[in-house]
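I have placed the structure first, in the form of structure tokens, so that the comments after it can refer back to it.
Reminder, nothing fancy here: chain letters follow the sequence lines and each chain counts from 1.
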Amino acid sequence: MAKKLKPVDAVLVGMGWTGAIFAKELAEAGLRVVGLERGRMHETIPDWQSPAMHDELKYAVRWGMMVDVSKETLTFRNHSDQTALPMRQLGSFLPGTDVGGAGVHWNGQTYRFLPSDFTLRSHYSKKYGRDFIAPDLTVQDWGVTYPELEPFYDHFERVCGVGGRAGNLKGQRMPGGNPFEGPRSREYPNPPMIQAHAGALFEKAAASLGLHPFPEPSSNMSRAYTNPFGAQLKPCMYCGFCERFGCEHFAKASPQVCVLPLAMRNPNFELRTGAHVNRVLLDASGRRATGVLYVDGQGREFEQPADIVVLCAYGLWNVHLLLVSGIGTPYDPATGQGVVGRNYAYQTTSSVKVFYPPDVNINPFMGAGALGTVIDDFNGDNFDHGPLDFIGGGYIAAHTTGGRPIMYHPVPPGTPRWGSAWKRAVADNYNHVASIDCHGSSMSRRQNYLSLDPTYKDAHGRPLLRLTFDFPENDRRMSRHLTDQAERIAKAMGGRLTDRSDRSDTYSIVPYQTTHNTGGAIMGTDPRTSAVNRYLQSWDVPNLFVQGACAFPQNAGYNPTDTVGALAYWSVKALIERYLKRPGPLVQT
Amino acid sequence: MTRSDLATATPSPTEDAARGPANVGETAAPGYAFLNDQDVAFLRAAVDRLIPADDYPSASQAGVLTYIDGQLAGVYGRGERMYLAPPHRTGTPEQGYQLGLSPAALYRKSLDALASHPLGRDFPSRPGAQQDAFLRELEAGEWMLGDVPSAVFFETLLANVIEGYFADPLYGGNRNMAGWRMVGFPGAYAHYTQWVGQHNVRFNRPPMSIAMRRDAVSRPGPAASDPRIPESARPRTKPRGTR
Ligand SMILES: Cc1cc2nc3c(=O)[nH]c(=O)nc-3n(C[C@H](O)[C@H](O)[C@H](O)COP(=O)(O)OP(=O)(O)OC[C@H]3O[C@@H](n4cnc5c(N)ncnc54)[C@H](O)[C@@H]3O)c2cc1C
């Protein structure tokens, strides 16, 4: 029997980016809040200090900070007619664990989505005709617009201390920034980072082709910075141990550094680590959450009653919790009915490498997670899709990050995979290659979804989440087009040869791509096609709020966290200013 | 060990069996925790074909066997952070590893199968070209090592060899930071703020490992005389910018 604890006003499941945001805001609004985190506490000092943190094997290769899949994983198949099998070790994506979640070991690439991304279906239908969007795509509008979210983007970027250069200030085009972005109300809180060599080579080539390079918006600090809460961040040292690592320098925005200390200082907030939430509890009507059930490190079960439950466990696990708790109708791809698990999407990535002669030193190890030079000319609907046979796009960037030699030792095409010739090629090329990444959008389609697995269980005896996903034909075309553009730039970068790595047509769970899993509990205006309303409040259980990228109806050609953070602030504001005054649905159906 | 066309379906070990042999160490070769004499003989020869000696040491000279042994005897070897629960089915390549064997169990089965076959037993005494030919057969999945498809073993071994050659020396490989010297990776440095904007500079300080003291890093590096580096790219006393 679970031990029943003292009720609180709000319980948060998971203490990463979204959990930390809710902890601070709700506690300041006077609510008694408990944050439950399955992992442990860890912090800049003493946990992430150099040189011990600079251990590629432990953190980047053996996934030292990521979810332990022996306890919790998912099963995967490309199509419904296959049997899904467990992801027995990490690969394609790396969900976090421990306080801070993936917000500790992210890169810090902090992009806004385009205004047209939020009205995707109506935008394309209006501009290119109703039939332009392929019939298998279940893409839809978000129910929230860019102008509505702008203040919340602005706020999250100040919380994170993002460095960049505005390309559009209140509608006015600014030199050196991204000319395609939506209007910003203010300049970035910090200037861009120092440009790396690869970025400079990319910039020159892109500009020579008439494209519009700009510095990547970065949550790695370009200078010392104090955020609106008084949290102090230090300048990035370009140490090159960023993504997959915790930052030793207080130089990468993370929940621990930017938000959590403020929550921890507030007596209204209590953090419990080693607390794995297994289920959201409902009353007999099924329309009200009464709290959550969790187990601690010793396997003891607790019931934490609460008036408000907020899922902040990362998109995938939020959807899992909804499914195992029986909240909302599970999606059925055969009929297209149901909403929980619907519109899972991802990111469609590819790359091109430029090999230089030995007198060009790229120094890939002098990097940072969000050190890059980017073009956005082929993202979203920034280019004419009329003559093309797909929707969406992506950014193309020369990043200088991750140049650690176990995982990064590029060799020219045609090199054997091992032996003397391979070894020589590794030695000759390591310092002389620039990498260009294509970061493409991912459209949801009818056949891709999340559900519960009928066979495999997690360490807590719950059915594993089951992922059914393959790249839509639309995205394969988009990705080929995007990679063509990247190759064009690569060829203009003055190397001795280029090597293009297209994304495989069939999605594989094995190679790392991105930890940008989206959808499954999407936001929208219609409870038949969305799991949560525009404030991320469950349609079915109004005292339940579901955060994270699971709210995205489809994924844009950008990294998700700026939008995840903006949505969290948008959601928590509605909760505090409207829901608390009048508990109940914030949107009437 | 059999040709792979003789393969039968892969079995479903129970989860306990899958975590690997409990008697790690009992039969180990002197100085090793997991690998026995036969394993060491085969692996020494094999890893030195994967990364042979040239101006820089071979895999075994760089300590890669010590590295692999340590990994297999530890958390990684036991697959403690893998989901190994049954049922085990053969999946598509896109579904990834499905054998249900921990890395230690995978090595044990594969190495025992190799030791039971003349091609495996005699491998260390064969000429290099024949060794390469056999490794290519393993790589192509042409053999079953017990019930392990040889390609699965080969890919695991290749990945571990590369890890051992480039991981921090803390783990027993990359001895004297040879792998890092070879490519010019400086290791566990904490900052490059003064360097990152000096495009095309050649960073020529000697590498630093986690266990090294910080004050040991300011000596001029050997890279200055490295014959593999063209004159134009040799280190200069002052960093050179292109801007
Ligand atoms: C290597 C890497 C690089 C990335 N780089 C970028 C980038 O450059 N830009 C970008 O925009 N995004 C990036 N991301 C993604 C980014 O980290 C996520 O979007 C962000 O952290 C999501 O916030 P969240 O609050 O939804 O989840 P998280 O921050 O992951 O937090 C979820 C928390 O919930 C906890 N939890 C889960 N289940 C339970 C449970 N049942 N009970 C209790 N606690 C639970 C987890 O342990 C975790 O602490 C990256 C991710 C990775 C892994």
- Does some side-chain heavy atom of A:Arg417 sit less than 4.5 Å from a side-chain heavy atom of B:Glu155? yes
- Does B:Tyr189 offer a backbone N or O that forms a donor-acceptor pair with the side chain of A:His54 under 3.5 Å? yes
- Task: Please answer whether the main-chain N or O of A:Gln195 pairs with a side-chain N or O of B:His199 as donor and acceptor at a distance below 3.5 Å.
- Result: yes
- Message: Suppose a student defines contact as a heavy atom less than 4.5 Å from any heavy atom of chain B. Which residues in residues 398-405 of chain A would they list?
- Response: A:Gly403, A:Arg404, A:Pro405
- Going from CD on B:Gln198 to NE2 on A:His197, what distance comes out if it is rounded to the nearest 0.5 angstrom? 12.0 Å
- Item | Shortest non-hydrogen contact from B:Tyr192 toward A:Tyr238 | CD1-O, 3.0 Å
- Task: Determine, step by step, whether A:Asn361 and B:Val201 satisfy the side-chain contact (heavy atoms from CB on, under 4.5 Å) criterion, reporting the C-alpha distance in whole Å, the side-chain angles of both residues, the deciding distance to 0.1 Å, and the verdict.
- Result: CA-CA 6 Å; A:Asn361 296 304; B:Val201 66; over 6 Å; no
- Item | Region of B:Ala159 that comes under 4.5 Å of a non-hydrogen atom in chain A | neither
- Task: Examine whether an atom of B:Glu139 lies under 4.5 Å from a heavy atom of chain A, and if so say whether it belongs to the side chain, the backbone or both; otherwise answer neither.
- Result: side chain
- Nearest atoms (heavy-atom pairs only) where A:Glu248 meets B:Ala190: OE2-CB, 3.6 Å
- Query: Should B:Glu80 and A:Arg62 count as an ion pair when the cut-off is N to O under 4.0 Å?
  - Reply: no
- Item | Value rounded to 0.5 Å, distance of OG in A:Ser70 from CZ in B:Arg78 | 11.5 Å
- Query: Below 4.0 angstrom, N of the basic side chain to O of the carboxylate: do B:Asp54 and A:Arg424 qualify?
  - Reply: no
- Query: With a 4.5 angstrom heavy-atom cut-off, which part of B:Asp132 approaches chain A: side chain, backbone, both or neither?
  - Reply: both
- Query: Checking heavy atoms, do the side chain of A:Leu371, its backbone, both or neither come under 4.5 Å from chain B?
  - Reply: side chain
- So do the side chains of A:Lys58 and B:Leu170 get within less than 4.5 Å of each other, counting heavy atoms only? no
- Do you know which of B:Pro52, B:Gly96, B:Ser58 has the most heavy-atom pairs with chain A at a distance under 4.5 angstrom? B:Pro52
- Ranked by heavy-atom pairs below 4.5 Å to chain B, first place among A:Tyr456, A:Trp63, A:Trp422 goes to A:Tyr456
- Heavy atoms, side chains only, cut-off 4.5 Å: are B:Tyr76 and A:Val61 in contact? no
- Query: How long is the gap from CD1 on B:Ile210 to CG on A:Leu57, to the nearest 0.5 Å?
  - Reply: 9.5 Å
- Query: Based on non-hydrogen pairs under 4.5 Å, which of A:Thr455, A:Asn363, A:Ile362, A:Asn431 is most in contact with chain B?
  - Reply: A:Asn363
- With a 4.5 angstrom heavy-atom cut-off, which part of A:Leu464 approaches chain B: side chain, backbone, both or neither? side chain
- Message: Using modelled atom types and a 3.5 Å cut-off, is there a donor and acceptor pairing between side-chain atoms of B:Glu163 and backbone atoms of A:Ile406?
- Response: no
- Item | Most contacts with chain A, counted as non-hydrogen pairs under 4.5 angstrom, among B:Leu50, B:Asp168, B:Leu158 | B:Leu50
- Hey, does B:Phe154 have a side-chain heavy atom less than 4.5 Å from the side chain of A:Trp418? yes
- Item | Closest approach of B:Val183 to A:Tyr430 (non-hydrogen atoms, all atoms of both residues) | O-CD2, 3.2 Å
- Query: Which atoms of A:Val510 come close to chain B, meaning under 4.5 Å heavy atom to heavy atom: side chain ones, backbone ones, both, or neither?
  - Reply: both
- Task: Give me the contact list for residues 80-92 of chain A versus chain B, heavy atoms only, anything under 4.5 Å, ordered by residue number.
- Result: A:Gln82, A:Thr83, A:Ala84, A:Leu85, A:Pro86, A:Met87, A:Arg88, A:Gln89
- Task: Compare every heavy atom of B:Ile162 with every heavy atom of A:His409, then report the nearest pair and how far apart it is.
- Result: CE1-CG2, 3.6 Å
- Task: Against chain B, label A:Asp68 side chain, backbone, both or neither, depending on which of its atoms sit under 4.5 Å from a heavy atom there.
- Result: both
- Task: Please flag which part of B:Gln71 lies under 4.5 Å from any non-hydrogen atom of chain A: side chain, backbone, both or neither.
- Result: side chain
